[in-house]
Amino acid sequence: MRSNLKLALLLAACSTFCACQPKTADSGATTAPSDIVIGATIPLSGALAGFGSFQKWGYEHAVAEINAAGGLRIEGTMRKVRLVIRDDRTDANVAAANIDSLVSAEHAVALLGSCTPPLVIAASLAAERNATPIVSGCAPLMSFRAAKQWQWAWDLFFNEPELAEAPFKAWRDLNVASNHRIVIMHDNGADGTVVGEQLWPAMAARYGYTVVANLEFPTDTTDFNASVQQAHRAGADILMVDAVTPQMVSIRKQLASAGYTPKVLVMEKGAEPTQFAEAVGPLADGVIVGGYWDASFSHAGAAELAAAYSAETQHSVSQHIADSYTAARVLLDAIGSAGTLDKLKLNTAIAATDRVYPVGSVKFAADHTAALSIAELQWQSGQTRLIWPLSPHSAAFLSPAAASAAAPGH
Amino acid sequence: MRRLPHWQLLRLPLLVALLYGLPFVLGPYWQQLGFRALQLLTLAIAWNVLAAYCGQVSLGTGAFVGLGAYAVALSGNRLDLALPLQLATAGLVAAGFAALASVALFRLRGLYFTVGTLALAEALRILMVNLGTFGGASGIVLHAATPAFHQLYWLALTLAAFAALLAELLLRSPLALAMRAVRDDEEVALQMGVRSFRVKLGALVLSAVLMGLAGGLQALKLGVIEPYGAFGMSWTIDTVAVAIIGGLGTRIGPLLGTLVYVALGEVLRNLPELHAAVAGVFLLLTIRFAPRGLWSLIARKSAHG
Amino acid sequence: MAEPAPVAAAPALQVRSLSKRFGGVAAIDALDLEVRAGEALGVIGPNGAGKSTLVNLISGALLPDAGALLLHGEEITTLRADARARLGIGRTYQIPRPFARMSVRENLALAARHAYTGTESPQAPQPIAGRCEQILERTGLADVADTAAGELPLLRRKRLELARALALRPRLLLLDEIGAGLIETETRALIKLIIELHREIGTIVLIEHVMDVITACCERTAVLASGKLLCVGATRAVLADAQVAAVYLGTSEATQDAAPADRAPPRVSQSTPGAVSRPAPHSAPAPASALLAVRAIEVHYGGVRVLRKVSINVQHGECVALLGANGAGKTTLARAISGAVPLAGGAIEFAGVALAGLAPERVTALGIAHCMEGRRIFSSLTVEDNLLLALPRMAQRAAAERLHRVYQMFPALYERRDRVGTAMSGGQQQMLAIARALMSQPRLLIFDEISLGLAPIAVESLYQSLAGIRAAGVAMLIVEQNIQRGLQLADRAYVLAHGEVRLSGTPGEIRNSQELRALYVGEDAATQDAT
Ligand SMILES: Nc1ncnc2c1ncn2[C@@H]1O[C@H](COP(=O)(O)OP(=O)(O)OP(=O)(O)O)[C@@H](O)[C@H]1O
Ligand SMILES: [Mg+2]
């Protein structure tokens with residue numbers, strides 16, 4: 001009697017399941033059958049939500065453009081694109097699960113990736129298992145490359161060594177005067193270690209600089225006073241920091257309260273978003289940060305992309321809209337050129353990408369990565385200015401020391 | 001124990017065959033869903049034993065899941081162990097850690113114990129972030145290829161069956177009575193000669209092993225692990241939600257809770273903003289109107305009807 | 001009674017300058033005491049003397065601040081509680097602490113698993129299940145073996161304490177007030193059981209406020225006061241001691257023993273008879289003026305009829321006693337009045353307001369205070385906050401004055417007013433429960449097992465206070481096992497049996513009734529297995 005009830009209960013639960021079984025593409029209750037489904041997993045909540053919002057705009061903007069132009073021609077008929085975006089909550093477990101269900105439940109033919117190596121790699125591995133192409137635009141190439149020899153996953157972003165080398169090239173080209181002594185501070189996260197422990201010291205040696213101190217800190221620290229004092233004492237003109245934004249804000253403030261103003265201040269990664277400048281105010285001025293895109297870039301479409309973003313959102317532009325927009329365009333263009341939804345052919349079409357996009361020219365190497373060109377940006381009066389490579393548009397270098405002398409109250 | 005009628009004896013092998021045969025009928029979507037459900041079920045069973053039967057409410061699921069995941073990744077990558085041995089390592093590492101932690105944890109009673117377990121996952125995450133040798137914040141990519149969906153499903157099914165069996169054996173053993181006594185009143189249990197430390201340790205280790213194994217499967221599934229996801233809070237939240245929705249201290253509760261929770265997630269999968277809110281409201285409603293879980297409602301209905 | 005122990009044998013238990021302090025107070029103060037092997041030692045003393053603390057120290061629930069404990073010559077001072085249990089020390093809790101979500105049988109089975117086996121010859125031990133069944137039979141718990149222990153009424157929980165301790169097969173059994181709240185016949189049965197157990201187990205330490213049990217079971221008795229040993233010796237001599245009478249017994253025990261059952265109402269005056277209308281016995285219809293009128297109520301617990309057409313009434317300013325064996329339905333009647341159990345039929349009216357369906361807090365607001373059996377002291381509140389909580393909101397201004405009044409009645413509470421309510425002795429907690437009921441200055445007071453856990457001297461002064469309260473015009477409904485006590489104070493009494501009113505009338509009528517004795521004695525067989 002009782003066990004019958006249990007059985008009935010299980011059946012009831014199973015039928016609940018069946019009620020929410022995914023609609024297959026041809027059942028077509030919610031979707032026009034002709035739509036091409038693209039799935040995306042991005043961090044819309046959690047620690048990386050800031051990046052996720054830019055990615056969302058970039059992906060959606062690219063799809064909207066294509067749909068406005070009538071969609072993509074697949075086997076002779078124009079079909080609209082439907083983008084399904086899932087929040088991965090900055091959790092690699094969720095990113096992978098999203099990919100699985102985007103393919104199995106939403107029947108996505110191709111995918112767009114998340115941000116930062118852990119999420120991108122988790123999503124890419126899931127895509128590999130699903131034998132579905134995925135293009136990401138937010139994972140530095142070295143770590144992406146190191147994970148495995150990819151078949152279905154593609155990444156377009158900067159190459160860590162180039163980003164690490166850029167400041168040295170910039171100082172050379174801009175004739176920045178210093179005592180050639182460098183203090184490095186970096187977190188112990190994925191790229192922090194690579195940049196701070198390997199790349200910067202190697203570049204310093206190559207360009208004739210001396211690293212007088214190399215200070216590592218964990219990714220959860222908030223108190224940097226000891227490191228700051230140590231850096232101050234080392235007597236270097238140049239301070240190079242690699243950390244995420246919240247930490248970078250603390251470091252910049254603690255540098256100021258320690259009365260330490262280096263002549264040259266590179267704050268990689270964390271000083272890039274506008275939140276950094278908003279949080280530290282005038283202390284941002286003179287801070288150098290590497291980048292791969294700026295609205296002032298001469299690539300076709302760069303200015304238009306920036307203008308579209310500002311017009312739609314009323315926010316100041318971030319470089320992340322460029323790589324995510326481009327990742328989506330690369331994927332959509334590949335579908336267009338393949339003219340089919342066959343995943344294998346699609347993948348081949350992505351491999352063949354060779355075109356200039358707003359973020360720069362994109363061409364994938366055999367290891368499935370496409371390196372974006374690097375630029376050095378500097379915060380000046382609350383804005384990032386391109387200071388390198390030299391061009392008619394580039395601004396002059398500003399030393400933090402000069403900036404703090406000019407700013408009232410400092 | 002009661003003797004089961006013959007048809008019930010037959011029912012079990014039939015059920016097993018049916019469950020293992022499902023991937024031949026159902027596609028990847030159901031296999032993935034099945035994997036997630038069975039993994040959650042394992043976690044809920046493990047938590048149920050410790051919290052509902054032994055009264056030690058733990059928020060440390062993430063710690064054991066994460067350890068299991070790391071154990072599988074490291075033993076596979078560095079020691080080249082075969083899969084069964086990798087999983088055995090996951091169970092052992094989680095059990096070892098539980099035994100170590102118990103010395104400090106069981107000094108704490110009630111709410112303090114719970115908060116103590118909450119700190120476990122956090123501490124391990126920070127440790128892993130800072131331990132360069134274990135991949136630091138960037139984590140570890142497994143060398144071995146990720147298993148296919150149906151294989152993952154079979155692994156999860158086997159694990160869940162193992163968990164259910166283990167829990168059943170435990171509940172029929174003399175230890176179960178001691179566990180419930182410790183839950184009801186630990187001081188009095190001591191006065192009745194119960195070695196309460198050992199009893200609690202037994203429950204903690206058992207649940208840790210199962211959680212470690214579930215974490216090991218997660219590593220296999222992802223092919224990559226990193227500290228934030230492996231030791232994440234969501235493991236704990238999901239586990240507790242499933243156990244509470246289904247019903248504490250019952251055998252069928254975790255299963256029911258899993259089905260409801262996973263179904264809820266699937267219904268709302270395209271409304272991520274709503275999902276957390278609805279799941280939260282559902283949990284609150286359960287606690288308010290069926291504090292002993294959905295199963296208690298059904299059991300009561302059937303007792304009356 | 002036990003034969004004297006062999007001279008050479010080590011004492012079963014030696015307590016050597018044992019001390020335990022709670023905060024600044026010494027609950028046990030450099031106590032030296034010997035429990036001889038094979039004896040049943042009575043331990044008595046005023047509320048808060050340290051008796052339960054002593055049990056806790058011997059059983060290992062508490063560790064002493066100083067001193068030593070030796071069990072059969074072996075030091076056990078630092079052993080943990082579980083180890084002591086396995087060495088054969090069994091104890092009961094004065095305020096029962098069953099494993100609430102386990103069945104009664106499981107409660108026993110757990111203890112039986114850790115039974116002491118040390119001195120037994122290694123013959124095959126009796127299977128656990130069988131032993132548990134036997135104990136359940138002996139302690140009268142067989143009928144509730146599968147009930148969750150948390151659902152048992154107070155007195156059966158006390159029985160379960162005893163049963164569980166027995167399942168441990170102790171060689172030293174510590175019994176902390178298992179005899180409270182029993183009527184005469186039940187007490188006699190308990191005495192018989194303890195004497196049997198004494199023969200089987202060997203050594204028993206028996207804490208009781210019921211002197212009949214002490215005199216019947218214990219050859220020697222120790223008296224504690226303020227954590228110190230006041231005296232120890234042959235029970236008769238100890239009870240005759242003038243000092244013991246002064247600090248513990250008071251005057252009543254002696255008088256009661258001497259007094260015939262039908263003697264006239266003694267000291268406690270039944271004044272104001274003119275103000276009270278005394279209805280004739282068996283007068284079924286309640287006068288319209290009754291403060292409380294219970295009319296033919298029925299109460300069922302899960303299909304079982306617990307009260308059958310029960311009608312009682314209480315007049316303004318009247319004191320009514322509710323008598324009857326355990327399980328007769330007295331507590332259920334009290335709980336039905338205060339709205340804690342739903343009625344299956346009949347009606348209750350209080351001061352003209354129908355109570356049926358009202359929530360307990362509404363009933364309280366109407367002016368009924370219920371001092372429940374099994375108390376419910378809030379463990380997170382201080383004594384004073386426990387008292388203030390009972391105050392209706394309008395009465396906040398009167399708080400100081402009312403506190404003053406109850407503190408006068410129970411000085412022990414005043415001394416402990418800043419302490420957590422449950423960090424007191426069992427008797428002190430009972431005082432708090434009574435005081436809490438008095439705080440709201442109700443029109444009707446319901447006391448269930450009012451003297452439970454109180455030392456004789458405390459009962460005496462309590463009854464004096466109650467007489468004063470009654471004189472002030474407050475009506476009372478008192479559930480009391482001690483018939484003499486109850487009848488001394490009451491204007492009228494009802495006797496319940498098997499959920500029905502069997503007898504009612506003035507104390508004199510009840511006392512002289514042929515039925516009363518028959519009822520109480522007649523209950524004998526029934527109470528043994530149905531209570
Ligand atoms: N947990 C506690 N914290 C602080 N003081 C306590 C605690 N338990 C008991 N006390 C105090 O210790 C003293 C001895 O208490 P104990 O319970 O041993 O008395 P008792 O002799 O058993 O009294 P009763 O006859 O009322 O049960 C009392 O003054 C009591 O208030
Ligand atoms: Mg006591």
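To find a chain, count down the sequence lines: A is the first, B the second, and so on, and within it residues start at 1.
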For residues 202-215 of chain B, please give each side-chain donor-acceptor pair under 3.5 Å, one per line with the distance, not counting sequence neighbours.
residue	atom	partner	partner atom	Å
B:S207	OG	B:L204	O	3.2

- Item | Proximal component of C:A83, with respect to chain B [non-hydrogen, under 4.5 Å] | neither
- C:L381: partners by side-chain contact (heavy atoms from CB on, under 4.5 Å), with sequence neighbours left out: C:F378, C:D385, C:N386, C:L389
- Any donor-acceptor N/O pair, B:Q56 side chain to B:C54 backbone, under 3.5 Å: yes
- Item | Heavy-atom contact with chain B under 4.5 Å, split by part of C:L110 | both
Cross-chain donor-acceptor list, chain B and chain C, 3.5 Å limit, no angles:
residue	atom	partner	partner atom	Å
B:R180	NH1	C:E106	OE2	3.0
B:R180	NH2	C:E106	OE1	2.8
B:D184	OD1	C:R101	NE	3.4
B:D184	OD2	C:A100	N	3.1
B:D184	OD2	C:R101	N	2.7
B:D185	OD1	C:R97	NH2	3.0
B:D185	OD2	C:R97	NE	2.9
B:D185	OD2	C:R97	NH2	3.1
B:E187	OE1	C:R97	NH1	3.4
B:L190	O	C:D82	N	3.3
B:Q191	OE1	C:S59	OG	2.8
B:Q191	OE1	C:R91	NH1	2.7
B:Q191	NE2	C:S59	O	2.9
B:Q191	NE2	C:S59	OG	3.2
B:M192	O	C:H114	ND1	3.4
B:G193	O	C:R86	NH1	2.8

- Angle class for the B:F106/B:F113 ring planes (parallel below 30°, perpendicular above 60°, tilted otherwise)? parallel
- Query: Any donor-acceptor pair under 3.5 Å linking the side chain of B:T114 with the backbone of B:V57?
  - Reply: yes
- Message: Taking every non-hydrogen pair under 4.5 Å, which of B:P174, B:G249, B:A178 racks up the most with chain C?
- Response: B:P174
- Rounded to the nearest 0.5 Å, the CG atom of C:L172 sits from the CG atom of C:L41 at a distance of 10.0 Å
- Message: With salt bridge (Lys or Arg N to Asp or Glu O under 4.0 Å) as the rule and sequence neighbours excluded, what pairs involving residues 249-265 of chain B come up?
- Response: B:E168-B:R251
